[in-house]
Every structure is written in structure tokens, then in C-alpha cells.
Amino acid sequence: MTHTPANLFATYTGHIAAALDRLEAAGSLPGGLNRANITCEPPRDPAHGDLSTNAAMVLAKPAGTNPRALAEMLAVELRAAPGVEAAEVAGPGFINLRLVDAAWRDELRAIAEAGDAYGRSDMGAGTTVNVEYVSTNPTGPIHMGHCRGAVVGDALASLLEAAGHTVIREYYVNDAGGQVDVLARSVHLRYREALGEDVGEVPEGLYPGDYLVPVGQALAQLYGDRFVSLPEAEWLGDFRKASVAAMMKIIRHDLSLLGIKHDVFASEAELQAAGKPDAAEAWLRAHDLVYDGVLEAPKGKTPDEDWEPVILPLFRSTKFGDDQDRPIRKSDGSWTYFGADLAYHFQKAQSADALVDIWGADHAGTVKRIRAAVAALTGADGHTAKPFEIKIVQMVQLMRNGEPVKMSKRSGNFVTLADVVEEVGKNVVRFTMLTRKPEAQMDFDFAKVVEASKDNPVFYVQYCHARVRSTLRKGAVEGIMPDVSAIDRLETDELALVKLAAQFPRVVESAAAAREPHRVAFFLYDLAAGFHAHWNVGNDSPGKRFIVTQDRQLTAARLFLVSQIGQVIRNGLAILGVEAAEEL
RNA sequence: GCGCCCGUAGCUCAGCAGGAUAGAGCAUCAGAUUCCUAAUCUGGGGGCCAUGGGUUCGAAUCCCGUCGGGCGCACCA
């Protein structure tokens, strides 16, 4: 296991706990109080100090005292904690701590010692999390509607790794359903076309996309004309397999453009061939969680006229909070999507300590049933159910000239991920998707994004890193290298940058716990802003520039600071999967 | 009709598991480059945090209602 550096905020949370222990031992505070809501955070206004705790306000009521009085007692204890220069009670009962400069110099050293590992945490304790994301149907290239889930899932996976989890990145390939028949027929058409037949317009109901042309050509090369006039049953199976393989190749390529690589591609067809859904059904029937029953009529606004009650095997998802029980097989005996999906999630649950699924909002309606299934399958017989979270990523509304674009693979009308990445680059796409919380809808106007890509905040952060590198290059030209032994020369305004950077480990932990990678992106933006601001101080005051050739020792100290700011930017960008630029 | 998500500056969005005077970018106005990259910085204007109640020391944040927007409500995937 890699060495995880100490986290300053965790350290002081510990000091606060110790101070409370001493108050308890002295009889000034009742024992057994719930400390779960105590925080140790930087105050919003830096003038208030370096760290702030709400401990007195949280504990005052259960302790039967008032917040200010408790805060005063606690402040006395905290003044004795290492590195604390001042502890003041403020407002309704906050305790603001100011640390000695030496504490921040220590943190600066800690960044350098940890290097690429700075910000990593052992919070996850090595537990395995399976993150399933993308999982688009293998019927064509990835389009922009799927891009957001792909980026968010990938960044979340990296974030969880940084927070000390072992992560499995998984893609569920829906290669068993009826849409693959449609795909295979569409490819068969292209196959006949490749053999010289004039197929005319692609008929309604088949995929019209050009990306199927080469697939048909390849099959023509492989098979010659032997499947041209044979009945569908003779070729459908082979064509399904070949088409899915071709589509997955395209999809993997599209994902690679974004730097996304999955560890596991789980095939629905293989899952079914291995009898997993049958086993799940048998087990669920044995536990009276599947029964043969009548499906309720659809509840939509327009009730279907040709609705007929049928008896199907139903999973008792209502026992777990769903609105109605859900069929796991169709009337022809084949598996519903849900029937196979439940077996898939059960299988996946064996591979990890916790599961996270990233889904598009269009599938939000099925969250309850699959949650119910995982709870049923993993939580029975006295086991506690496997932790399972579904993160819903809201739709990206594609716009063109201010008009919404209706996208579908059937119509062939869609903006592909590859087009966008080619136009604005992987870094812009990724950062754009990561600078908003995933559960809010967003519009994505292709033209606007291309036009505004120069204003993208990703460049602001990358420029910060580029400035760091150019400063170090310039220093090297002057023959001055970063030197840790000189950092006593750093002054308060320079240590302020360390204070900013020192929040990174805390940001990683809280972002991982909340499964919100976008917090890392916003932190990097703030850190870059601090750096840019300090840089410009040097415009008015040449003595504040990082490189002051008359004072080589001071310059060495400042270059050390600069290089560590670059380190933190780099570590953060690595989590987001965005490249740190050497120059812009 | 039901379920889930969202509503914060003119626009795009943050707001760190309830904290102190609600913040950025874009746009707008006024400034800063003989200087390590101005793809930057400094300052101004701009807010009933959709709305009405509730919970408590304290609410943009939690609960309930209303309004507005999105997604879904199949034996599809």
C-alpha cells in the first residue's frame, strides 16, 4: 500500500477530539455526547483564521450549557495543541484557530515528500468499489448524450482510487436484446449492399448510420454471398455476434478519445448463456420473492387499448419500496431487461464490497426495482445487503443554433462524441462535464462550445500549471533550483498559497465520500486563481516576483513553493483525467 | 395522474452532509503589460437563493404545500 500523507484537517480534528476528552475527564463536559456533526474546516472568511470548528455549538445543547461558555473552555484547551498560535471564540460560538507559520512550512514539505501521492487518502481502506458507467447499447458510436455519464463515471472512479479504494471500472454490454437483432438486420442490408446489390433507402426500423457500411463490407469479404438469400434464422446469430463486436470496437475507440478505459466488459449474452438469470430466479422463487402473477396495466396518461392481462413471473419489488412488482421474463419465456439485469448485479456484487452505477436520467424510473433486487439478492439469509448506489446523471440537451436537437440512432441524427472531441479536445470536454453537479440538467450547444472553448476554465487551470513550469524553467536558466532548506524565507502572503493547496486532501476525501468529482474541478480553479493573483502582485512589486535574481536563496525558496503548487494542480488534474500543460 | 431530478446575479454555474456579511466565470463599466507567458490581475454595478409555511441557537442547504422546467411511468433497452 502506498504511503498516505497526513491530512492537516484530520490531524486537527484529532486535536479537537483530544481537547474534548480532557474536558470530559475534568468533569467540565458530560461524557458520551454525539460528536458526529463536529467539523474542522477553513472558515469562509480567511480573516477569521486558518481552521474553524463548530464543536461548541453542536455540543452546547446536549451538554446543557451555552455555546460561548463551552467554546471558551475548549479554546483554552486548543491553545495548548501543537502548532496553534491563537484560538478565538467568535460569533455564535465558533472557535477559530490560527496556526503558526511553521505548520504551513511543514505542510509545504509534506506536499513535496508525498509528491504524486499528495491528496491520496486511506479513507477507503482498500475496499473494492465496482463503478459501472457508460454501458451504452452496442448499436453505434457514442453520442454526446452519453458523454456526461462517461466522464463523470471515469472521474469518480479515479477519485475513489485516490481516496483509498480499489476500483473496478465496468461496462455492461447489452448484447442480448431485440435491438441487437435490429442491428444485425441493418448490417445484413449493408452486407448485401457490399456485394453489389442496390438496397436503396434504409427501411424504417433499421439503423441507417454510415458506420455500418464497413461492417457489411467486412462480412461480405468474410462470407462471400452465402448468406444473401438464406432465411434470417441462418445468419442472424453470426451477424449479431459480428455486429456487436464491431460496435464495441467503435465504442472502445470513442472512449479512448476521452482517455476512458474499462477493466471489465460484462456481456449480457454470456451471462444468460451461463444460466445466471435462471439461478437467480430459482433462488428468488425459493425465497418467495418471485411469483407468477398478473402485471398491472400501464399507468400512463393514455391507457393502451390493446392491453391484455398476462401471467408472468414477477419480482416482489413492492416489498422493497417499488410501486409495483416487475416481470423478469416475457410471455415467450425470454428474459426481460430487468430479469437479466438483476442477475448481472448479483454477479457484480460478488466482485466488490460496494457497487456504484452511473445512469442517465432516462433510466431513473427503474432505479427502485434494481435497488430492490440487489437488496433482496445480497441481503437475505442474515447478510447485510451490499452497499449499492445509483448516481443519476441528468440529460445533456443537445442544442443547435438555440434549437434542441432530437437525437436517435434510429434516425441517424446525432452528434457523436468523436466529433466533439475532435473539435474542442478531450480536456475541454472533460472539464466542461465536470464543472457542474451531475444531477442538474445542462444544455450542450455544439457551436457554442466550440466557439467558447477558448474561455473554458480548463485553460485557466492549465495556464496556472504552465506558468509554474515556465517559472521553473526560467529559474533553471538563472541557475537557481527549488530548495526546501530555504523555505523559512517564505512570508505570510506566500504561505497563503500553501494554505489553499493544503485543502486538497480534504477536498479529495469529501468529494469521494459524496461521489462528486466536480468538487475537485472547482478546487483546482480556486487554487489557480490564488496563484494567478499572487503572480500579478509581482507586476506592481518586482520584489514579490518568484524570481529575484539578486536574492538566490529567496528565489530558491519561492521556486520550491511554486513547484509544489504545480504538484497539487497536477494531482488534481490527474483525478479528473485532464492533462497538465507544460505550456499553452 | 404517479415517481425521480432541478429552480441561486442579465447568461452559465459553485455554495464544501445546517454555520459567520450568499460566491465565481461570461456579459457590462473603470483600471493594470519597459515585468518570471495579459489565455492574467485589481475595482464598480448587478440577488425577496421560484414561492408559502415548518423544524432550531442558525436554513440557499432539512421537512410539507404551491408554481415552473426536465426525465420517466412496456413483456422496450
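Chain letters run A, B, ... following the sequence lines, proteins first, then strands; residues in each count from 1.
Proximity of A:Arg467 to the phosphate of B:rA38: a side-chain N or O atom is located under 4.0 Å from OP1 or OP2. The phosphate of B:rA14 has OP1 or OP2 within less than 4.0 Å of a side-chain N or O from A:Lys437. Distances shorter than 4.0 Å separate some side-chain N or O of A:His518 from OP1 or OP2 on B:rG15. Contact annotation: A:Lys61 does not reach the phosphate of B:rG58 (side-chain N/O to OP1 or OP2, under 4.0 Å). A close approach under 4.0 Å does occur between a side-chain nitrogen or oxygen of A:Arg44 and OP1 or OP2 of B:rA20. The side chain of A:Arg545 contributes no N or O atom lying less than 4.0 Å from OP1 or OP2 of B:rC36. Between A:Lys454 and B:rG25 there is no side-chain N or O to OP1 or OP2 distance below 4.0 Å. One finds no side-chain N or O of A:Trp335 lying less than 4.0 angstrom from the OP1 or OP2 phosphate oxygen of B:rA77.
Donor-acceptor pairing under 3.5 Å, judged by distance alone, is absent between the side chain of A:Glu41 and the base of B:rG19.
Side-chain atoms of A:Asn137 lie closest to B:rA77 of the nucleotides B:rA77, B:rC71, B:rA32. The side chain of A:Thr471 sits closest to B:rC36 out of B:rG70, B:rC36, B:rG15. For A:Ile547, whose side chain is taken as the heavy atoms from C-beta onward, the closest listed nucleotide among B:rC36, B:rC5, B:rA77 is B:rC36. For A:Ala361, the listed nucleotide lying nearest its side chain is B:rC71; candidates were B:rC5, B:rC71, B:rA17. Between B:rA74, B:rA39, B:rA17, one nucleotide has an atom nearer to the side chain of A:Leu295 than all others, and that is B:rA74.
Shown here, B:rA30 forms a base pair with B:rU42; the pair counts as Watson-Crick or G-U wobble because both key distances fall under 3.5 Å. Across all strands shown, B:rG65 forms a Watson-Crick or G-U wobble pair with B:rU51, both key distances being under 3.5 Å. B:rA22 is unpaired under the criterion used here, namely a Watson-Crick or G-U wobble arrangement in which both key atom distances are under 3.5 Å.
Using cut-offs of 30° and 60° on the angle between ring planes, the pair A:His363 and A:Trp359 is perpendicular. Below 30°, between 30° and 60°, or above 60°: for A:Phe546 and A:Phe531 the angle between ring planes is below 30°, a parallel geometry.
Counting heavy atoms from C-beta outward, A:Leu51 and A:Phe9 have side chains that approach closer than 4.5 Å.
Among the protein residues, A:Tyr460 comes within range of the sugar-phosphate backbone only, with heavy atoms under 4.0 Å from sugar or phosphate atoms but none that close to a base. Within 4.0 Å of A:Ala60, counting heavy atoms only, lies no atom of the nucleic acid at all. A:Asp362 comes within 4.0 angstrom of the backbone, heavy atoms only, and of no base. Residue contacts shown for A:Ile392 are absent, as no nucleic acid heavy atom lies under 4.0 Å away.
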